[in-house]
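Heads up: the structure comes next, in structure tokens.
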Amino acid sequence: MDKKSSELNFHQRMEILVKDMVDKEISLKDALREFEKIFYEQADRKHQGNQTKMAQALGVHRNTLHNRAKLLKIKKKY
């Protein structure tokens, strides 16, 4: 694909990322874990560490958010 990243829709950008991960033989388990970790980190930044707002935005219970962040070893930035 020669389009600039900003011209691609979400699905197309994900396809490029997944293709790169498959080419590098990254396991599905590791890929999902990394995706989830980055997802939580971005939500953390957006909501400036407010876990109640993060949980609402992500559609998970606050305790689930806390447990997943602990499991993924996400450090608080705020």
Got a list of side-chain donor-acceptor pairs under 3.5 Å for residues 59-66, not counting sequence neighbours?
residue: H61; atom: ND1; partner: N63; partner atom: N; Å: 2.9
residue: R62; atom: NE; partner: T52; partner atom: OG1; Å: 3.3

How many angstroms lie between [atom1] in [X] and [atom2] in [Y], if you round to the nearest 0.5 Å?
X   : Y   : atom1 : atom2 : answer
L28 : L32 : CG    : CG    : 4.0 Å
N67 : K70 : CG    : NZ    : 7.5 Å
E34 : K29 : CD    : NZ    : 14.0 Å
D30 : K37 : CG    : NZ    : 12.0 Å
Q51 : D44 : CD    : CG    : 7.5 Å

Which atom pair, heavy atoms only, marks the closest approach of [X] to [Y]?
X   : Y   : answer
L71 : R33 : O-NH2, 3.2 Å
M54 : Y40 : CE-O, 3.8 Å
L8  : R13 : O-NE, 3.5 Å

Give a yes or no on whether the backbone of K53 and the side-chain of Q56 come within a donor-acceptor separation of less than 3.5 Å.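 Flag not set: sc Q56 to bb K53 has no pair under 3.5 Å.
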Do [X] and [Y] share a hydrophobic cluster (ILVMFWY, side-chain heavy atoms under 4.5 Å, transitive)?
X   : Y   : answer
V18 : F35 : no
I38 : L72 : no
F39 : F10 : yes
M14 : L58 : yes

